[in-house]
**Student:** 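Next up is a structure, given as structure tokens.
Atoms considered below: every heavy atom in the structure, side chains included; atoms not considered: hydrogens, waters and symmetry mates. Just so we're clear, the structure is a prediction, and the values are computed from it rather than from any experiment.
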2 protein chains.
Amino acid sequence: MDSTVRLSDVAKRAAVGVGTVSRVLNGSANVSAATRQKVLDAIAELGYVPNLVARSLAANRTGLIAAIIPVIGYTQHSEVIQGMTDVLHAHGMNLMIGASGYSDQVELQVIEAFLARRPDAIYVTGVRHTEAVRSTLQRSGIPVVEGSNLTDRPIDTVVGYSNFNASVDLTRLLIDRGYRRLWHVTVTRDFNDRIDDRLAGFRWVTSTETELTADVIRCENSFDGGAEAVRLAMASNIRVEAMTFATDVMAVGGLLECQRRGINVPAQLAIAGFDDLTIAASINPSLTTIKVDRVDLGRKAAEIIVNRLQGNDQTSRIVDVGFQVVERESTRRL
Amino acid sequence: MDSTVRLSDVAKRAAVGVGTVSRVLNGSANVSAATRQKVLDAIAELGYVPNLVARSLAANRTGLIAAIIPVIGYTQHSEVIQGMTDVLHAHGMNLMIGASGYSDQVELQVIEAFLARRPDAIYVTGVRHTEAVRSTLQRSGIPVVEGSNLTDRPIDTVVGYSNFNASVDLTRLLIDRGYRRLWHVTVTRDFNDRIDDRLAGFRWVTSTETELTADVIRCENSFDGGAEAVRLAMASNIRVEAMTFATDVMAVGGLLECQRRGINVPAQLAIAGFDDLTIAASINPSLTTIKVDRVDLGRKAAEIIVNRLQGNDQTSRIVDVGFQVVERESTRRL
DNA sequence: ATGAAAGCGCTAACAG
DNA sequence: CTGTTAGCGCTTTCAT
């Protein structure tokens, strides 16, 4: 356990060369069983712990993966990280994490700071980045995985789902259920490509259909923001039958405001969200939303990275993990 | 930007020695303004990015901090990480993160894997660890910060709040409000020192007071688990006036079950939680709970680490960030 | 199958 | 103030 024990100490104790110890450590086949055992014994007796910093420098490979998400404290993003660490840990790799705070400038800073640590690969949230970020990432020469959305022009590889298509399907569900006066609630700050595509999906569907009214408002991405949106809708002279919120957080806030005001959901107002937070299934009425297995998304991202690093050639640069429209009580016509 | 540019290339270009470049990079005072400028120009022209792996090996200091939390996808823990990264990033340090999954064995594995990477310090969630974890951490020789609870016998330093005292204060509030038939709902799996202390606080208060009945049940730590607890309470022939849940997740689940069953909270049943998730303030009725600024807890933990690494002697090994009892509608007597 | 030796890119004395 | 030199602990040829 003593970290002052070095590989050369092990070699001395086992009466072999340092190269041999290194081979044992790295599972090289070219070591006789007897020698291997001698080395393993010496390692155990000395409580030797390899210094991965030195290995990183010599082998030009750190076993560190960098991940950048907008905010670490938001469950949608940290679930992805959970999935990544699960897989990486099983492969002896570790995860460095940083937050961009939805700022392009901070994102670039964090990326540059990470690259100086020579990670073996890097994960970034989202698919639309500044040119500076794109080129920095490209020149880094390491695998880059973009996540949580889809694009046909990834920097390198993307693993996600189509926020646009999900929004389209969700909006169509509402139309199928007979709702004709639709509002979409998007966010004021913290705007990003996922949110943008959800808005775009709503606009695209509603623009092609006739006999519809479709409006868009912006609120803060919070429970209070969602409540505010409902108040705006009620106070407006534009009729509204159904509201799709860009996030479950806002949708739940809207739902709770309806409870307070005695607005019957969905009879008087239908509500749909996006993300399938755990509360969505439990709240009254339960919330119609878009479900994505984010932990699995993280796992897939890590698997792609591990495969790439092992030289297994990736078949596809675009991995669609899909989504699911979950219809619950908040939009169900009686 | 080319990562094949080395410090020696910069030195050559600036026509100085490698030592001088290193001094400029590390902000040593012993460099003349003119020389410094020459070096900075060369760095800019070459797009040099220092290799922090090499620096780590030479300086015997990585600038990496390791953090272990039970589950990354749970907001309570990832908020702490958010606070840590905020501070660490400002000091040029980065965070490696790992999950223990509430398992002692996994925790030890993750810690050992991290130590091989020679982090400058390590953060672990909770204050009660196996002897193997304690000794491994102690022998590592680096600052160890335990978080999210308090103990008078930390491995090294602890930054947190007293889960025991918080539970005591919350239980007393219920008693002050006139509730006499109390139930505490604790968790089945994922038991840990924070949950244990919340239970102990409840038991301690209720055992000293007379004219009280106090019972404890266990449920799964989820919305459904909380709902189940309410169903058990209603079906029981033991009277219950107020329920304190070990977590807000369970409390919210219980509250939603009351909504479904038409149980008036708090008139028929008072409910209190623990953690102050954002939903607690928005739900109907709003939830009485214990509030802790977890992002700030993370910041403080990182500040302690940064200070220790800079040699600033820590005054206290025990940092209490406090908690707040937030009384809301779910326990308020009309 | 194994030992010896040459770095990996940087920091930190040590001289001057 | 600045250049030179000796490592940091490991991997990886290259011989043998």
**Student:** Atom CG of B/L52 to atom C1' of C/dC8: distance rounded to whole Å?
**Tutor:**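 Taking CG of B/L52 and C1' of C/dC8, I get 15 Å after rounding.
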**Student:** Using only side-chain N and O atoms of B/N60, determine if any of them is under 4.0 Å from OP1 or OP2 of C/dT11.
**Tutor:**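 No.
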**Student:** Taking CG from A/N30 and P from D/dT11, how many angstroms apart are they, rounded to a whole number?
**Tutor:**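 Whole-Å distance recorded here is 15 Å.
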**Student:** Should we say atom CG of A/N60 is surrounded by more than 12 heavy atoms from elsewhere, each under 6.0 Å from it?
**Tutor:**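 Count not over threshold, so no.
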**Student:** Which pair of non-hydrogen atoms, one from B/I72 and one from A/Q82, has the smallest distance, and what is that distance?
**Tutor:**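 Of all heavy-atom pairs spanning B/I72 and A/Q82, the closest is N-OE1, 2.6 Å.
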**Student:** So A/V18, base contact, sugar-phosphate only, or nothing? Heavy-atom distance under 4.0 Å.
**Tutor:**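 Base, at least one base heavy atom under 4.0 Å.
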**Student:** Measure from CD on A/Q37 to P on C/dA1 and round the result to the nearest Å.
**Tutor:**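 Spelled out: CD on A/Q37 to P on C/dA1 is 17 Å.
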**Student:** Starting from P on D/dT11, measure out to CZ on A/R118 and report it in whole angstrom.
**Tutor:**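 For the pair A/R118 CZ and D/dT11 P, the rounded distance is 19 Å.
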**Student:** With heavy atoms under 4.0 Å as the rule, sort A/S56 into base, sugar-phosphate or nothing.
**Tutor:**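 The answer is nothing, as A/S56 stays clear of every strand by at least 4.0 Å.
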**Student:** From CZ of A/R61 over to P of D/dT12, roughly how many Å is that when rounded to an integer?
**Tutor:**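 About 6 Å, once rounded to whole Å.
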**Student:** So which nucleotide from C/dA5, C/dT11, C/dG9 ends up closest to the side chain of B/N51?
**Tutor:**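 Of C/dA5, C/dT11, C/dG9, C/dG9 is nearest to the side chain of B/N51.
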**Student:** Need to verify one output field. Residue with the more 5' nearest nucleotide on DNA chain D, B/L57 or B/T20?
**Tutor:**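 Nearest nucleotide further toward 5': that of B/T20.
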**Student:** For B/K38 and D/dG3, give me the distance from atom NZ to atom C1', rounded to whole Å.
**Tutor:**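 Rounding to the nearest Å, NZ of B/K38 and C1' of D/dG3 are 12 Å apart.
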**Student:** For DNA chain D, whose closest nucleotide is more 5', that of A/L25 or that of B/A59?
**Tutor:**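 Per heavy-atom nearest nucleotide, the more 5' residue is B/A59.
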**Student:** Could you check whether B/A15 gets within reach of a base, just the sugar-phosphate, or nothing at all, counting any heavy atom under 4.0 Å?
**Tutor:**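 Sugar-phosphate, backbone atoms only, no base.
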**Student:** Charged N to carboxylate O under 4.0 angstrom, A/D9 versus A/R6?
**Tutor:**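 Answer for the salt bridge query: yes.
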**Student:** Measure CZ/B/R36 against P/D/dG3 and give the value in whole Å, please.
**Tutor:**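 These atoms are roughly 14 Å apart.
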**Student:** What is the distance from CZ of B/R23 to C1' of D/dT4, rounded to the nearest Å?
**Tutor:**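 Nearest whole value for this atom pair: 10 Å.
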**Student:** What nucleotide, of D/dG9, D/dT11, C/dT2, holds the atom closest to the side chain of A/R6?
**Tutor:**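 That would be D/dG9.
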**Student:** On the nucleotide D/dT12, are OP1 or OP2 found under 4.0 Å from the side-chain N or O atoms that A/S22 carries?
**Tutor:**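 No, no such contact exists.
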**Student:** Salt-bridge test for A/R299 and A/D296: reply yes if a basic N is under 4.0 Å from a carboxylate O, no otherwise.
**Tutor:**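 Result for this pair is yes, salt bridge flagged.
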**Student:** Got a sec: does the CD of B/E45 have more than 12 other heavy atoms crowding it under 6.0 Å?
**Tutor:**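 More than 12 heavy atoms, drawn from other residues, nucleotides or ligands, come within 6.0 Å of this atom.
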**Student:** By nearest atom, which of the nucleotides D/dC10, D/dT4, C/dA1 is closest to the A/R55 side chain?
**Tutor:**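 Nucleotide nearest to A/R55's side chain: D/dC10.
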**Student:** Looking at the side chain of B/S32, which of D/dT11, C/dC10, D/dC1 is the nearest nucleotide?
**Tutor:**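 Of the options given, the side chain of B/S32 lies nearest D/dC1.
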